[in-house]
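Down below is the structure, laid out as structure tokens.
Throughout, protein chains are lettered first and strands after them, A, B, ... in sequence-line order, and every chain is numbered starting at 1. A quick note: this is a predicted structure, and the numbers were derived from the prediction, not measured.
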Protein chains: 2
Amino acid sequence: MVTDTVTAKPEPRPARAGGKREQTKIQNRETILEAARKVFAELGYGATTVRDIIRATPLASGTFYNYFQSKEEVYQAIRDEVALEIRPRLREERAKAKSIDEFISSTFRTFFEFVARDEGNFRAIRHNADSTRVRMDTPEVLAGFTELREDIEKAIADAIFPPVDADFLMAAIVGVAFEVAERMVIGDNHNPSEAAEFATALFMGGVHKLPHRKNAAGTA
Amino acid sequence: MVTDTVTAKPEPRPARAGGKREQTKIQNRETILEAARKVFAELGYGATTVRDIIRATPLASGTFYNYFQSKEEVYQAIRDEVALEIRPRLREERAKAKSIDEFISSTFRTFFEFVARDEGNFRAIRHNADSTRVRMDTPEVLAGFTELREDIEKAIADAIFPPVDADFLMAAIVGVAFEVAERMVIGDNHNPSEAAEFATALFMGGVHKLPHRKNAAGTA
DNA sequence: TGCAAAAATTGACGCAAAGTCACGTTCCGT
DNA sequence: ACGGAACGTGACTTTGCGTCAATTTTTGCA
């Protein structure tokens with residue numbers, strides 16, 4: 001490891017707690033994030049440039065780089081905000097679970113309710129210029145996946161779950177959660193309860209246990 | 001709709017079937033795609049530039065734009081090749097299905113076997129500089145999703161499936177397929193049969209029917 | 001309060017890659 | 001074999017990125 005005293009960067013003294021410096025720093029960061037959300041939603045992630053973001057801001061271009069390295073990092077920050085809010089809730093719910101059913105249903109219910117509430121953000125982020133669909137999972141999101149796998153492993157150790165492949169099960173839950181959430185938001189069915197019931201039924205008993213459609217009229 | 005005769009673009013006459021023109025066009029396109037595959041694998045998708053791609057080619061920079069609009073479009077073309085190859089196979093398998101079990105298991109088996117065989121491509125495309133995970137679904141891939149939903153609806157009409165929400169079921173299958181495929185490729189378990197058995201068991205009977213681990217030694 | 005140092009902002013600048021286009025070359029139909 | 005159309009070429013223009021010296025704002029301290 002290189003701990004060169006000469007080359008080491010100055011490491012700015014931490015701003016005083018309630019000071020003006022700290023104040024504007026928080027303010028500016030939020031200004032940039034807000035502008036980014038707006039511009040991403042308008043132009044789509046791929047098409048927006050760092051310049052587009054700062055243009056939607058009273059700040060100068062150089063200032064942007066005091067806060068983020070690139071538009072990717074801004075995107076990450078936006079996603080991370082969401083991930084960091086939902087992860088503790090999910091862990092808490094799963095920790096309380098005394099059975100498989102509780103474990104699965106609380107996970108899906110919490111997730112879908114959160115997505116439904118956060119729908120604006122969700123849509124803004126998803127929007128893309130061409131018809132290509134993009135999903136980016138930041139390290140914070142991926143950490144959430146790992147937490148799920150850990151919880152599954154703990155549940156197996158506690159004999160709440162049978163000894164299945166925790167990695168695959170985690171992947172299956174994540175896959176269903178994200179894809180079904182997308183259908184919920186995109187489609188005309190914005191009901192998180194229905195989504196949660198569907199996903200839970202699938203994991204609890206497979207296709208045969210899925211809820212039947214109210215009106216059997218097929219789209220085809 | 002604007003059908004301006006003056007402004008309308010020339011619409012080049014289609015090259016003769018076996019002619020030299022057509023020949024080199026196909027050739028050049030493939031040269032670019034091949035170079036792109038190599039460079040994406042080397043530098044990662046995010047880091048490669050259009051120039052990097054043509055530099056790995058005897059062609060001039062201007063020529064690139066005769067074939068593709070951007071590196072995104074090259075990426076799409078690569079993905080589309082895969083999608084266009086696997087989609088008919090999946091349809092065929094599902095069309096033969098006489099029961100839910102056949103429908104589900106053939107879908108997963110075909111998909112995972114394809115991914116395992118195509119693993120090099122899969123990894124190359126996935127390779128990314130930062131630790132962010134990206135998944136891009138091109139229109140051709142999305143069309144594959146729609147085909148799955150159509151097949152599900154047909155199966156419901158034929159009373160092979162109960163009248164469940166076809167949109168959600170499609171989403172669930174897609175989600176499990178992609179996420180589990182990723183674990184299969186990334187992890188140390190490159191066995192498509194195991195992945196297919198896991199996913200099929202989940203959809204046929206839920207968590208309780210999942211195969212148990214061979215060696216019960218947990219990772220945690 | 002006044003002052004010097006530290007921190008942060010600013011926008012112009014240098015650079016790298018994107019995308020265009022006038023020109024030359026190759027191919028095609030007659 | 002000739003004329004025109006399609007294609008390839010690479011220099012050129014444009015666009016956006018990231019930096020940095022100069023400037024402004026804030027802070028700590030006497």
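Remark: P of D/dG28 and NZ of A/Lys20 are 14 Å apart, rounded to the nearest angstrom. Look at CZ on A/Arg21: it is 15 Å from P on D/dT24, rounded to the nearest Å. As a whole-Å value, the separation of B/Glu72 CD from C/dA18 C1' is 11 Å. Between the CZ atom of A/Arg55 and the P atom of C/dG11 there is a distance of 14 Å, given to the nearest Å. Between the C1' atom of C/dT25 and the CG atom of B/Leu59 lies a distance of 15 Å, rounded to the nearest Å. Separating the CD1 atom of B/Ile54 from the C1' atom of D/dG10 is a distance of 10 Å, rounded to the nearest angstrom. Atom CZ in A/Phe64 sits roughly 14 Å away from atom P in D/dG16 (whole-Å rounding). Going from atom CZ of B/Arg29 over to atom P of D/dG8 covers 13 Å, rounded to whole Å.
Within the structure, every side-chain polar atom (N or O) of A/Ser61 is placed at least 4.0 Å from both OP1 and OP2 of C/dG11. One finds a side-chain N or O of B/Lys25 lying less than 4.0 angstrom from the OP1 or OP2 phosphate oxygen of D/dC7. Distances shown here put every side-chain N or O of B/Asn28 at or beyond 4.0 Å from the OP1 or OP2 atom of D/dC7. Within the structure, every side-chain polar atom (N or O) of B/Tyr67 is placed at least 4.0 Å from both OP1 and OP2 of D/dC7.
Under a 4.0 Å N-O distance rule, the pair A/Arg87/A/Glu150 does not qualify as a salt bridge. The pair A/Glu81-A/Arg37 meets the salt-bridge criterion, with a side-chain N (NZ, NE, NH1 or NH2) lying under 4.0 Å from an Asp/Glu carboxylate O. Ion pairing of B/Arg55 with B/Asp52 is present here, as a side-chain N (NZ or NE/NH1/NH2) and a carboxylate O approach within less than 4.0 Å.
The distance from the OH atom of A/Tyr75 to the CG atom of A/Asp80 is 10.5 Å, given to the nearest 0.5 Å.
Judged by a 6.0 Å distance limit and a 45° cone about the ring axis, A/Arg135 is positioned over the six-membered ring of A/Phe178.
Among the heavy atoms of the strands lying under 4.0 Å from B/Thr49 are primed sugar atoms or P, OP1, OP2 only; no base atom is included.
Counting only heavy atoms from C-beta on, B/Ala60 has its side chain closest to D/dG10 among D/dG10, C/dA8, D/dT19.
Contact of B/Arg51 with C/dA17 (side chain to base): no donor-acceptor pair of N or O atoms is detected under 3.5 Å.
Each of A/Thr24 and B/Gly62 was assigned the nucleotide of DNA chain C with the nearest heavy atom; the assignment lying further toward the 5' end belongs to A/Thr24. The 5' end of DNA chain D is approached more closely, in terms of each residue's nearest nucleotide, by B/Pro58 than by the other of A/Tyr65 and B/Pro58.
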